[in-house]
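Lettering of chains follows the sequences in order, A, B, ..., and the numbering in each one begins at 1.
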Amino acid sequence: MTTKRTRVRFAPSPTGLLHVGNARTALYNWLFARHTGGDFLLRIEDTDLERSEVRYEAQLLEDMRWLGLDWDEGPGQPGEPEVGNFGPYRQSERLALYAEHTERLLAEGKAYRCFCTTEELEIERKQAAAEHGSQVYSGRCRNLLPTEIEKNLAEGKHFAVRLRIEDRPLRFHDLVRGPVEFAAETVSDPVLVRSASGVSAGIPVYNYVVTVDDALMEITHVIRGDDHLSNTPKQVAIYEAFDWAVPEFAHLSTILGADRERLSKRHGATSIATFREMGYLPEALVNYLALLGWGAEDGKTETFTLEELTRAFTLERVTPSPAIFDFEKLNWLNRHYLKLAAPERVVALTWRYFADRLPAQDAATGAIQDWFARLVAVFAPYVDCLEQLPAKTAFVFGFDAEAARMSEENAEVLAVDSAQTVLGELAGRVRAHTGVVIPETFKVWMNEIKAASGAKGKDLFHPVRIALTGAHSGPDFDKLLPLIEGGAVLGLGIASVRERVERFVGV
RNA sequence: GGCGCUAUCGUCUAGGGGUUAGGACGUGAGAUUCUCAAUCUUAAAACCCGGGUUCGAUUCCCGGUAGCGCUACCA
């Protein structure tokens with residue numbers, strides 16, 4: 001038995017930035033295609049002429065590439081030709097195709113012209129609501145006589161095209177939810193093509209074009225958000241009207257914010273572009289999104305490369321229930337991948353956050369590059385995403401002795417009896433020392449200071465740490481000293497150990 | 001209002017007619033460290049409610065409740 005090659009599509013509207021919810025849909029489509037050895041197509045749904053923008057389409061393609069989701073068919077970069085034999089892949093370029101199909105439906109009596117005005121329909125709707133019934137079209141224009149139609153057309157009346165729904169249940173199969181059935185009367189005759197009033201005159205509606213496109217592009221599995229679940233019976237009716245095979249569906253649950261409301265901008269970062277700007281790694285985002293609504297067969301594995309996901313992913317294991325986006329878990333995965341990432345890559349990604357501290361990476365001296373690489377290596381384990389690095393390392397670049405003294409937390413440490421002795425001993429050694437302070441020297445000092453002051457442990461180290469960094473927590477001195485002393489000679493305005501101690505202890 | 005979808009720790013999930021209901025994030029404790037982060041160990045933490053089927057339901061069925069979606073000549 002031969003099975004048909006699977007073909008799936010991701011069909012976003014270029015009306016804004018790629019949102020994590022849509023990115024997950026794209027990912028699941030891609031994984032399914034790659035897992036089954038099928039085709040992954042990208043189709044741009046730009047029939048909303050007022051909101052669609054070219055820059056969003058370009059951004060979209062870029063975000064997809066960044067995530068590592070390549071497509072077999074779809075638009076190329078602006079100015080470049082599209083790839084695939086089922087195009088065009090922008091709906092705005094397919095209008096003639098839809099018109100042909102509408103003619104066919106009309107000719108076969110599967111669709112009909114509806115001359116009802118918006119006002120008339122509004123009245124019907126209100127009445128239905130008052131009677132607690134479902135708000136469906138009455139079917140008033142369903143059976144107009146040919147003479148009436150002629151008359152209306154002759155009078156120049158505007159009309160919409162409606163699909164004639166047969167009176168039988170509309171059924172389809174959903175890989176995530178099982179069989180789904182809708183009664184015909186809950187669907188009513190849907191509009192396929194808008195009437196000639198307004199800007200969208202004669203433009204076919206979404207549910208219609210999406211079905212025509214999916215059928216013509218021979219899509220075998222429609223994987224999309226579950227906000228389309230209630231639209232599906234209408235689409236099934238369209239497939240049936242054309243006598244087309246109804247594809248398999250897989251409706252993915254909604255991604256919610258912590259308040260159980262649909263995830264939106266007010267929950268914080270939600271677009272792929274924003275996460276990238278914040279310094280999240282694509283592999284972390286991909287891994288997290290994969291886990292949001294899908295689980296490995298062993299129920300335990302949490303980290304996956306794209307290749308591993310491709311092997312493991314099946315739609316049968318996708319969860320039907322809505323999922324709350326958990327930034328903490330994303331952070332954990334990002335920290336995980338930050339540790340695995342090649343150091344040079346992390347450095348290159350981090351450089352942009354230090355634009356006001358450092359020269360551009362390609363303009364920086366080798367010494368600065370080396371030093372910055374060490375800085376990143378030391379501090380990367382402290383952050384959720386790269387964007388947090390400047391704040392974490394701020395004390396290296398600008399040491400504020402005044403703030404260090406005034407801080408409440410520090411005051412507590414400095415108020416301990418031995419603290420001033422410790423600082424005095426430290427200052428004496430620093431002043432007497434010439435050249436760079438290396439960790440070995442520092443270690444000797446600390447032992448001497450320990451003996452001289454009687455302070456040990458926190459009482460010994462905390463005051464010193466404050467004098468050097470302004471805080472009583474941070475990386476090991478072994479790592480910190482080379483960073484400070486190494487940074488001080490780079491002409492970046494970084495204070496040396498000596499300058500720090502002088503500033504902190506002096507007057 | 002109508003229709004549909006969903007319901008296991010705080011969160012993401014595994015599981016499934018009899019289980020000590022498993023894993024991960026987060027949280028608490030401990031180890032390590034001068035400290036913080038990291039790391040390791042460890043603890044607490046869940047089957048929405050009510051009926052039915054059954055010797056036995058968290059699991060299957062029905063109802064309720066709640067959340068979400070659709071209910072447009074938006075996509």
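With C1' as the reference atom, B/G26 and B/C9 are 12 Å apart, rounded to whole Å. When the C1' atom is compared between B/A7 and B/C12, the two are found 15 Å apart, to the nearest whole Å. Here the separation of B/A37 from B/A29, taken at their P atoms, is 11 Å to the nearest Å. B/U8 sits 13 Å from B/C60 when the P atoms are compared, rounded to a whole Å. Nucleotides B/U19 and B/U35 are separated by 45 Å at their C1' atoms, to the nearest Å. Comparing the same atom, C1', in B/C73 and in B/A66 gives a spacing of 34 Å after rounding to whole Å. Comparing the same atom, P, in B/G52 and in B/A46 gives a spacing of 27 Å after rounding to whole Å.
Between A/Thr319 and B/U13 there is a side-chain N or O to OP1 or OP2 distance below 4.0 Å. Side-chain N/O atoms of A/Arg260 include one lying less than 4.0 angstrom from OP1 or OP2 on B/U11. Remark: A/Arg317 is in phosphate contact with B/G15, judged by side-chain N or O atoms under 4.0 Å from OP1 or OP2.
The side chain of A/Lys458 has B/U35 as its nearest neighbour among B/U35, B/G26, B/A75. With B/C73, B/U35, B/C68 as the candidates, the nucleotide lying closest to the side chain of A/His472 is B/U35. For A/Arg335, taking side-chain heavy atoms from C-beta onward, the closest of the listed nucleotides B/G26, B/C68, B/C34 is B/G26. In this structure, the nucleotide among B/C34, B/A75, B/C68 sitting nearest to the side chain of A/Phe477 is B/C34. With distances taken from any side-chain atom of A/Leu292 to the nucleotides B/G26, B/A75, B/C12, the minimum falls on B/C12. For A/Pro322, counting side-chain heavy atoms from C-beta on, the closest listed nucleotide (B/G26, B/U6, B/A75) is B/U6. Checking B/C3, B/C5, B/G26 against the side-chain heavy atoms of A/Glu328 singles out B/G26 as nearest. Listed nucleotides: B/U11, B/U6, B/A75. Nearest to the side chain of A/Asp326: B/U11. Side-chain proximity of A/Tyr382 to B/G4, B/C36, B/A75: nearest is B/C36. Distance from the side chain of A/Arg465 is smallest for B/U35 among the nucleotides B/U35, B/C25, B/A75.
For the residue pair A/Tyr98/A/Asp213, the side-chain donor-acceptor check at 3.5 Å is satisfied. Side-chain N/O atoms of A/Tyr280 and A/Asn331 include a donor and acceptor closer than 3.5 Å.
Residue A/Asp227 is classed as a sugar-phosphate contact, given heavy-atom separations below 4.0 Å to backbone atoms only. Within 4.0 Å (heavy atoms only), A/Asp476 reaches at least one base atom of the nucleic acid. When heavy atoms are screened at a 4.0 angstrom cut-off, A/Lys339 is found touching the sugar-phosphate backbone but no base atom. Contacts of A/Ala323 with the nucleic acid, taken as non-hydrogen atoms under 4.0 Å apart, involve only primed sugar atoms and P, OP1 or OP2. Using a 4.0 Å heavy-atom cutoff across all strands shown, A/Leu333 reaches no nucleic acid atom at all. At a threshold of 4.0 angstrom between heavy atoms, the contacts of A/Leu460 with the nucleic acid are absent. Nucleic acid contact for A/Gly225: none, since no nucleic acid atom lies under 4.0 Å from a heavy atom of the residue. Using a 4.0 Å heavy-atom criterion, one finds that A/His251 contacts no nucleic acid atom at all.
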What protein N or O atoms touch nucleotides 17-23 of chain B N or O atoms at under 3.5 angstrom, if any, and at what distances?
{"unit_1": "B/G22", "atom_1": "O2'", "unit_2": "A/Lys300", "atom_2": "NZ", "d": "3.4"}
{"unit_1": "B/G22", "atom_1": "N2", "unit_2": "A/Gly299", "atom_2": "O", "d": "3.0"}
{"unit_1": "B/G23", "atom_1": "O2'", "unit_2": "A/Lys300", "atom_2": "O", "d": "3.4"}
{"unit_1": "B/G23", "atom_1": "N2", "unit_2": "A/Glu302", "atom_2": "OE2", "d": "3.3"}

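A/Asp459 places its CG atom 10 Å from the C1' atom of B/C34, with the value rounded to the nearest Å. Going from atom CH2 of A/Trp294 over to atom P of B/A14 covers 10 Å, rounded to whole Å. Atom CG of A/Asp213 is separated from atom C1' of B/A75 by 13 Å (rounded to the nearest Å). Going from atom CD of A/Glu120 over to atom C1' of B/A72 covers 17 Å, rounded to whole Å. Rounding to whole angstrom units, CG of residue A/Leu229 and P of B/C3 are separated by 15 Å. Straight-line distance from the OH atom of A/Tyr208 to the P atom of B/C73: 16 Å, rounded to whole Å. As rounded to whole Å, 23 Å separates atom P of B/A24 from atom CZ of A/Phe327. One interatomic measurement links the two molecules: CG of A/Asp226 to P of B/G4, which rounds to 15 Å at whole-angstrom precision.
Judged by closest nucleotide on RNA chain B, A/Phe325 is the one of A/Leu330 and A/Phe325 placed further toward the 5' end. Residue A/Leu256 is the one, among A/Phe115 and A/Leu256, whose nearest nucleotide of RNA chain B lies closer to the 5' end (criterion: closest heavy atom).
No salt bridge links A/Asp189 with A/Arg164; every basic N to acidic carboxylate O contact stays at or beyond 4.0 Å. A salt bridge links A/Glu302 with A/Lys329: the closest approach of a Lys/Arg side-chain nitrogen to an acidic carboxylate oxygen falls below 4.0 angstrom.
When both pairing distances are held under 3.5 Å, B/A43 makes a Watson-Crick or G-U pair with B/U27.
Figure legend: cation-pi geometry between A/Arg24 and A/Tyr28, with NZ or CZ positioned under 6.0 Å from the six-membered ring centre and within 45° of its axis.
Scanning atom types as modelled, no donor and acceptor separated by under 3.5 angstrom connect the side chain of A/Arg262 and the base of B/C68. For a distance-only test at 3.5 Å, the side chain of A/Ser230 qualifies as a donor-acceptor partner of the base of B/G69. The base of B/C73 lies close enough to the side chain of A/Ser195 for a donor and an acceptor atom to sit less than 3.5 Å apart. Between the side chain of A/Tyr288 and the base of B/C12, no donor-acceptor pair under 3.5 Å is found.
Side-chain N or O atoms of A/Asn22 include none that pairs as donor or acceptor with a backbone N or O of A/Leu18 at under 3.5 Å.
Aromatic ring centroids of A/Phe313 and A/Phe32 lie 6.0 Å or more apart.
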Report, one line per pair, each donor and acceptor closer than 3.5 Å where one atom sits in a side chain of residues 250-260 of chain A; sequence neighbours left out.
{"unit_1": "A/His251", "atom_1": "ND1", "unit_2": "A/Asp174", "atom_2": "OD2", "d": "2.7"}
{"unit_1": "A/His251", "atom_1": "NE2", "unit_2": "A/Arg224", "atom_2": "NH1", "d": "3.2"}
{"unit_1": "A/His251", "atom_1": "NE2", "unit_2": "A/Thr232", "atom_2": "OG1", "d": "3.2"}
{"unit_1": "A/Ser253", "atom_1": "OG", "unit_2": "A/Ser321", "atom_2": "O", "d": "3.0"}
{"unit_1": "A/Thr254", "atom_1": "OG1", "unit_2": "A/Asp226", "atom_2": "OD1", "d": "3.0"}
{"unit_1": "A/Asp259", "atom_1": "OD1", "unit_2": "A/Glu261", "atom_2": "N", "d": "3.1"}
{"unit_1": "A/Asp259", "atom_1": "OD1", "unit_2": "A/His267", "atom_2": "NE2", "d": "2.7"}
{"unit_1": "A/Asp259", "atom_1": "OD2", "unit_2": "A/Arg266", "atom_2": "NH1", "d": "3.3"}
{"unit_1": "A/Asp259", "atom_1": "OD2", "unit_2": "A/His267", "atom_2": "NE2", "d": "3.3"}

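For A/Thr211, the side chain to side chain contact (heavy atoms under 4.5 Å, CB included) partners are A/Gln235, A/Ile238, A/Tyr239, not counting sequence neighbours.
Heavy atoms only, all atoms of each residue included: A/Tyr112 and A/Leu163 are closest at CE2-O, 4.1 Å.
No more than 12 heavy atoms of other residues, nucleotides or ligands sit less than 6.0 Å from atom CG of A/Asp417.
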